[in-house]
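Below you'll find the structure, written out as structure tokens, and then a few comments.
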Amino acid sequence: MSAALDLFTVVAVAAGAFFFLAGTVGLLRFPDVFTHLHALSKADNLGLGLVVLGLLPQANGLLAGLKLFAIWLLVLLVGAVVSQLIARAARR
């Protein structure tokens, strides 16, 4: 069972890293601020979600898992707020 959880962790974290890389490529290739924000917000949120999902089986207890989940929710909230502020400033 431990080998299966380790394999799940590796696959999920690698998939999360792929989405982080895809968001970075989108940041470099897209032409304007709004498409940059779209690439980063979508890819980074999914990438971090996959990384957290992959790390949950490796967490030492319920409290550590809840901390990982709380970090993910906090990053989702902060990312949405910052994206909104950047888009509003770019529109002006």
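- Every side chain to side chain contact (heavy atoms under 4.5 Å, CB included) that Leu40 has, sequence neighbours left out, goes to Leu27, Asp44.
- Sorted by first and then second residue, the pairs that involve residues 47-60 and meet side chain to side chain donor-acceptor pair (under 3.5 Å), not counting sequence neighbours, are Asp6-Gln58, Thr9-Gln58.
- When all heavy atoms are compared, the tightest approach of Gly54 to Ala12 is CA-CB, 3.5 Å.
- Contact detail for Leu5 and Pro57: the closest heavy-atom pair is CD2-CB, 3.9 Å.
- Counting only residues at least two apart or in different chains, side chain to side chain donor-acceptor pair (under 3.5 Å) contacts with residues 29-40 comprise Asp32-Thr35.
- By the side chain to side chain contact (heavy atoms under 4.5 Å, CB included) test, Val10 pairs with no residue at all, sequence neighbours left out.
- Phe30 belongs to no multi-residue hydrophobic cluster, having no ILVMFWY side-chain contact under 4.5 Å with any other such residue.
- In the hydrophobic clustering, where aliphatic and aromatic side chains (Ile, Leu, Val, Met, Phe, Trp, Tyr) are joined below 4.5 Å either directly or transitively, Leu46 groups with Phe18, Phe19, Leu50.
- Contacts of Val81 classified as side chain to side chain contact (heavy atoms under 4.5 Å, CB included), with partners at least two apart in sequence or in another chain: Leu85.
- Annotation for Leu21: hydrophobic cluster partners, listed by chain and number, are none (ILVMFWY side-chain heavy atoms under 4.5 Å, direct or chained).
- A search for side chain to side chain contact (heavy atoms under 4.5 Å, CB included) contacts involving Ala90 returns Val33, Phe34, not counting sequence neighbours.
- Among residues at least two apart or in separate chains, ring pair (Phe, Tyr, Trp, His ring centres under 6.0 Å) pairs with a member in residues 71-92 are Phe69-Trp72.
- Apart from Leu7 itself, the hydrophobic cluster it occupies contains Val11, where clustering links Ile, Leu, Val, Met, Phe, Trp and Tyr at side-chain heavy-atom distances under 4.5 Å.
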